[in-house]
Amino acid sequence: MDQVIITPDAPMPLAGYATRNAPFQGVDTDLHAKALALEDASGNRTLIITAEILGFPSSLAEEVCRRLRQSAGLERKAILLNGSHTHSGPVVALEMGWPPAGPNEESIKDYVARLTDKLVETALKSLRNMQPARLEWGVGVAQFVTNRREVTERGVVLGVNPRGPTDRSVPVLRVATPDGRIRAVLFGASAHPVTLGGDHLRVNGDYVGYAMTELEQTMPGVQAMFVAGCGGDASPFPRGSIEAARTHGKNLAAEVSRVLGGKLKPLGGPMRAELRWVELPLKKFSRTDLDRMSKGAARWQQYFIGGAIGILDRGGNLPESYSAPFALWQFGGDLTLAAFSGETVVDYVLLAEQRLGPLNLWVAGYSNDLFGYLPSARVLREGGYETRGLYMGYGLFDPSVENVVMDAMVEMARAAGRRVQ
Ligand SMILES: [Zn+2]
């Protein structure tokens with residue numbers, strides 16, 4: 001294991017809120033990237049890299065993996081990258097376009113170049129630092145996780161829906177020495193780190209950063225790593241202040257500590273990692289469809305409509321699918337980690353339980369490629385912000401995306417040795 005500070009040295013745009021139009025003005029908390037390398041008795045290696053950034057766009061993730069294959073011989077499928085999705089961290093891809101790179105292009109390029117180096121270095125160190133370990137896991141509860149798809153007379157808006165579905169589980173993986181001394185803890189929660197709003201112009205890891213700091217302070221020498229869950233349609237509640245972010249972080253850390261202090265389940269080998277590039281189906285649109293949609297479109301819909309009209313007017317064709325990586329790790333018969341890419345909505349937790357079985361299951365989102373939201377058929381039917389489609393390139397997902405993704409997950413689970421129906 002190893003970790004490194006990735007706080008930008010100089011002011012640059014923060015990612016996550018389209019309303020921001022100025023670089024950050026200060027730093028509340030440092031941001032970190034952390035790596036944990038694992039190897040089973042037969043020498044199968046895996047590597048998990050987590051970072052306090054909006055996410056890993058494909059450009060960043062694949063460059064890190066390319067270099068790790070070159071320098072450490074690690075296969076792509078052995079590497080899992082998960083971004084915390086803090087909305088008070090730096091822009092990590094020029095092509096993301098919110099806020100527009102414009103005059104900040106150089107600062108973003110410089111930051112991404114240095115971030116890439118740091119991610120690779122910390123990953124290589126973690127591979128060199130491996131020591132005999134015992135793995136155990138358990139699950140707690142996060143009370144602040146709240147569905148954000150508020151139903152109004154104008155349709156579904158970003159708000160608070162206390163009756164809406166959420167995943168409030170807090171998966172906890174404990175990595176200890178053979179004699180039981182804890183060295184690292186991986187934990188998850190499924191809510192956007194958006195306790196701080198778009199008016200907050202300071203670098204901050206939000207509740208995730210506060211939770212990790214709290215755990216590392218109360219357990220000196222331990223590396224605390226956050227793995228984002230399927231919180232695409234969830235927010236912390238309440239929101240709007242540093243105090244609230246700190247409170248959510250402390251509560252989450254307390255829950256992780258409680259789980260660590262209870263009875264955990266040992267994880268055995270062998271360890272199997274699977275990864276598939278899945279063609280996610282996009283909806284088809286004619287120029288007439290787009291013209292019709294553009295009337296009264298919300299701001300978040302205009303990105304797709306404008307981009308798609310531009311492509312058609314230049315004589316081009318709209319893409320029919322988007323290729324995204326989905327991963328599944330199996331730890332003997334004891335645990336399956338299903339890692340979805342994109343801003344995964346909570347329905348995928350239910351789908352994973354249905355298709356893979358509910359036992360010994362850790363469902364993560366925000367892994368390997370932050371291409372946009374990964375909506376379910378229900379969310380696409382109901383509408384709302386999570387239906388906005390690709391962030392880079394232009395496309396809106398077809399409702400069949402749900403089955404395509406879950407079929408791939410089932411296929412990987414079988415290949416990895418999980419017993420599925
Ligand atoms: Zn988001």
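Whatever order the structure lists them in is the order used to number ligands and atoms, beginning at 1.
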- prompt: Going by the side chain to side chain donor-acceptor pair (under 3.5 Å) test, which pairs reach into residues 247-259, not counting sequence neighbours?
  reply: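 Every side chain to side chain donor-acceptor pair (under 3.5 Å) pair that includes a residue of residues 247-259, provided the two are not neighbours, is E255-R258.
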message: Show every side chain to side chain donor-acceptor pair (under 3.5 Å) that has at least one partner inside residues 220-239, sequence neighbours left out.
response: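 Only Y17-R239 qualify under side chain to side chain donor-acceptor pair (under 3.5 Å).
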- prompt: Taking 2.8 Å as the cut-off, does an N/O/S atom of H87 lie below it from the Zn ion (ligand 1)?
  reply: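 Here the distance criterion (N, O or S atom, under 2.8 Å) is not met by H87, so no.
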message: Please name the atom of E343, limited to N, O or S, that comes nearest to the Zn ion (ligand 1).
response: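 Going by distance to the Zn ion (ligand 1), the closest N, O or S atom in E343 is OE1.
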task: Give the name of the N/O/S atom in H85 that lies closest to the Zn ion (ligand 1).
output: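 That would be atom NE2.
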message: Between S286 and D289, is there a side-chain donor-acceptor contact under 3.5 Å, judged purely by atom types and distance?
response: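 Result is yes, a qualifying pair exists.
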- request: Establish, from distance only, whether the side-chain atoms of E343 and Y385 form a donor-acceptor pair under 3.5 Å.
  value: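 No, Y385 and E343 have no side-chain donor paired with an acceptor closer than 3.5 Å.
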